[in-house]
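What follows is one structure encoded as structure tokens, with my remarks underneath.
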There are 2 protein chains.
Amino acid sequence: MTPAPGPARSHTATLTDVARLAGVSVATASKALNGRSQVRAETRQRVIEAAERLSFRPNQLARGLLAGRTGTVGLLTSDLEGRFSIPILMGAEDAFGAGEVAVFLCDARGDAIREQHHVRALLGRRVDGLIVVGSRTDPRPSLGRDLPVPVVYAYAPSDDPADLSIVPDNVDAGRIAVEHLLACGRTRIAHITGDPGYLAARDRADGARAALAGAGLDFVGEPRFAEWSEGWGRAATAMLLERHADVDAVLCGSDQIARGVVEILRERGHRVPEDVAVMGFDNWQVLTSASRPPLTSVDMNLEQVGRAAAQALFGAIDGIPRSGVETLPCRVVIRGSTAHLS
Amino acid sequence: MTPAPGPARSHTATLTDVARLAGVSVATASKALNGRSQVRAETRQRVIEAAERLSFRPNQLARGLLAGRTGTVGLLTSDLEGRFSIPILMGAEDAFGAGEVAVFLCDARGDAIREQHHVRALLGRRVDGLIVVGSRTDPRPSLGRDLPVPVVYAYAPSDDPADLSIVPDNVDAGRIAVEHLLACGRTRIAHITGDPGYLAARDRADGARAALAGAGLDFVGEPRFAEWSEGWGRAATAMLLERHADVDAVLCGSDQIARGVVEILRERGHRVPEDVAVMGFDNWQVLTSASRPPLTSVDMNLEQVGRAAAQALFGAIDGIPRSGVETLPCRVVIRGSTAHLS
DNA sequence: TAGCTTGACGAAAGCCTTTTCGGCCCGTTT
DNA sequence: AAACGGGCCGAAAAGGCTTTCGTCAAGCTA
């Protein structure tokens, strides 16, 4: 690093400048601009005009230094590229942006060391709180109990029950998916899903199976776990049709899988949804709307998860902490790939 | 708002605390921790241990207040959900995160008012600079010349040539795409692309046509502009095959379109890539790798765009401003959908 | 031994804002 | 007329840190 020349930036206006221009003290200027009462209307006007002329913008650093609160929070994500983090992040950003809170974004790239580094950096910047966004619903290591600011975990719950975590209810998601298929008159339902190492896959399968049991049914064949890809959806469908050609619905663990399933059904001459209904999870628009027919899918309401996390963090900052894992409901978005059995 | 109770947070350690514990003045403590020279080694060690014991973390606000630099930058995006912003944002976050710079994330949701609001908020927080990330390559309104901090535009260039913008080179992207197809021995190349209102669509088409002209060729039929969807890809392919059944390559304006094209070619019995080569733009993994066969695509190197923008911002902050629109090259990622003509 | 340099450390100013408290001026009350 | 109460404003402290400069002791030269 060579000593940088530095731009001859023309000294951003400070409250002192405003006060001088308005011919009052900084104290009065401050009070005038912040709507405090002990200022004559005329004086206040003069100050406001001076501030306007200098395009004065109060230094939040100084303000935060004094107030002890900075009005900033840290958003710690483990993988930005993952499509689950983004909607959550948007929801949180949305909830914060409405107020006067700014968001520090940090991506740990799934690396614990880097995460630790970011936490330290954020604490140094005196954030008022932290939201930790994960990319899968499996529990993740807690940041610890002795942080000086409240923490809320979103999507990926903390493994410490003393922490507060906000996650979508995948078990219930499985349930409402099956109930939709049942409502469509389907009874011979197969399940093709993703990596069994993912809690989301197991939860959805469990919820679905429970709902089936409630109707005195079970899956056609065993649920097939493997990977979250179109390729697996295609392969699994081929196998499924060989053994259970009488299937009238396929519940897929993700929209990607569902795309593969639909494609093979179509190729083999099975009509969707007339002969076989298909639905997925995640409601990933690019996939659901381009499918032929468009895919019915369970939306995980991720933006809501983000918003709820932000609100919970507000609460915790204001001294009303919660703890444990809180779940948020999902919803079925109906499109052309499911319909009542004719 | 009721007056919040506020948590009885146990007073985060301050430099004064460290100094007291180490039995020195704050001045000495500061110098010890910052590696200044005027401290005896033994004293320094004592201070460091005290800081350790109190898990002291210097307040960056106070530091920034003094230094005039905060070590923060604002990242202003217009649509977080768009898949173009994310990689750029990651690249920028990456470049910053390496240093000691933290990133404020703001999403304007494509709304100019909200954007203005965010800019004001960021300036109030005394960011050292701003990166404005767009979601399409068409020029966007400048934030103006009179901001107190440097600004770099990424992906979407500013309409003011005095600003610095970093964008992928879409014209060149069209060129290298065609050159790849030519290298595969293809000569009857059609172009199916997206919304003609997008500069990216026109640039790519122009670049591609220029490359063809260089080889004494032109597109088979006129380039077909419409929308960025699989559905359009399918429809356009049907029309194309009716009129130009002898086509041996289809250059698609996006991977989504390419997916549709491949699907219809496959349905109609045209082998990909043996009979017809297909390639897309954007290199969107979910689409390219799930296609049958996997799609060759032009990667826009968006992470690099983000990184370059961050580095340019560093430069500008250090007083070395640049201006104008700078383009970054793209690259062809070869997969199964293109191959040498047998 | 007086005077010097050098090294180590502390006092204090400064960054920018908010807030408390005291002062001043005027109009009211007894 | 004296005391009093309000309304309006300014001085000053606080918040945590860095930096400059002054102080002081030790070690050195003359």
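Naming: A, B, ... by sequence-line order, numbering from 1 per chain.
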Counting C-beta onward and ignoring hydrogens, is there a side-chain heavy-atom pair between B:Leu105 and A:Leu75 closer than 4.5 Å?
no

Rounded to whole angstroms, how far apart are CG on B:Leu65 and P on C:dA13?
17 Å

Closest-nucleotide ordering on DNA chain C, the 5'-leading residue of A:Leu66 and B:Arg44
B:Arg44

Just compare D:dT19, D:dA11, C:dT17 and give me whichever is closest to any side-chain atom of B:Arg36.
D:dT19

Which nucleotide in the set D:dC17, C:dT17, D:dC9 lies at the smallest distance from any side-chain heavy atom of A:Thr28?
D:dC9

Check whether any side-chain nitrogen or oxygen of A:Thr14 sits under 4.0 Å from OP1 or OP2 of C:dC15, and answer yes or no.
no

When the nearest nucleotide of DNA chain D is assigned to B:Ala62 and to B:Lys31 on a heavy-atom basis, which residue is associated with the more 5' position?
B:Ala62

Candidate nucleotides D:dC17, C:dA8, C:dT20, ranked by approach to the side chain of B:Arg40 - the nearest:
C:dA8

B:Leu54 CG to D:dG16 P, straight-line distance once rounded to whole Å
14 Å

Closest to side chain of A:Gln38, choosing from D:dT18, D:dG15, D:dC9:
D:dC9

For the pair B:Asn34 (side chain) and B:Arg36 (backbone), establish whether a donor and an acceptor sit closer than 3.5 Å, ignoring hydrogens and angles.
no

It should be established whether B:Arg63 places a side-chain nitrogen or oxygen under 4.0 Å from OP1 or OP2 of nucleotide D:dT18.
yes

For the pair made of CG in A:Leu15 and C1' in C:dT17, what is the distance, rounded to whole Å?
7 Å

To the nearest Å, give me how far apart CG (B:Asp17) and P (D:dG16) are.
8 Å

Would you please confirm or rule out a distance under 4.0 Å between OP1 or OP2 of D:dT18 and any side-chain N or O of B:Asn34?
yes

Under a plain distance cut-off of 3.5 Å, with no hydrogens placed, do B:Asn59 and B:Thr14 share a side-chain donor-acceptor pair?
no

Could you check how far CZ of A:Arg20 sits from P of C:dC16, rounded to whole Å?
11 Å

Is there a side-chain contact between A:Ser30 and the phosphate of C:dT18, meaning an N or O under 4.0 Å from OP1 or OP2?
yes

Would you mind reading off the distance between B:Arg126 atom CZ and C:dT17 atom C1', rounded to a whole angstrom?
11 Å

In whole angstrom, what separates A:Arg57's CZ from C:dC16's P?
16 Å

Nucleotide nearest A:Ala27 when distance is taken to its side chain, options C:dC16, D:dG10, D:dT18
D:dG10

Heavy-atom donor-acceptor pair, A:Asp111 side chain to A:Ile113 backbone, under 3.5 Å
yes

Partner of B:Thr137 under side chain to side chain contact (heavy atoms under 4.5 Å, CB included), picked from B:Thr327, B:Asp169, B:Leu199, is B:Leu199

Any side-chain heavy-atom pair from A:Arg322 and A:Ile166 closer than 4.5 angstrom?
yes

Which residue lies more 5' along DNA chain D, comparing B:Val26 with A:Val26 via nearest heavy atoms:
A:Val26

Does the side chain of A:Thr43 get closer than 4.0 angstrom to OP1 or OP2 of D:dC9 through an N or O atom?
yes

In whole Å, I'd like the distance from the CG atom of A:Leu61 to the P atom of D:dT18.
14 Å

Quick one: which of C:dC9, C:dT17, D:dG10 gets closest to the side chain of A:Phe56?
C:dT17

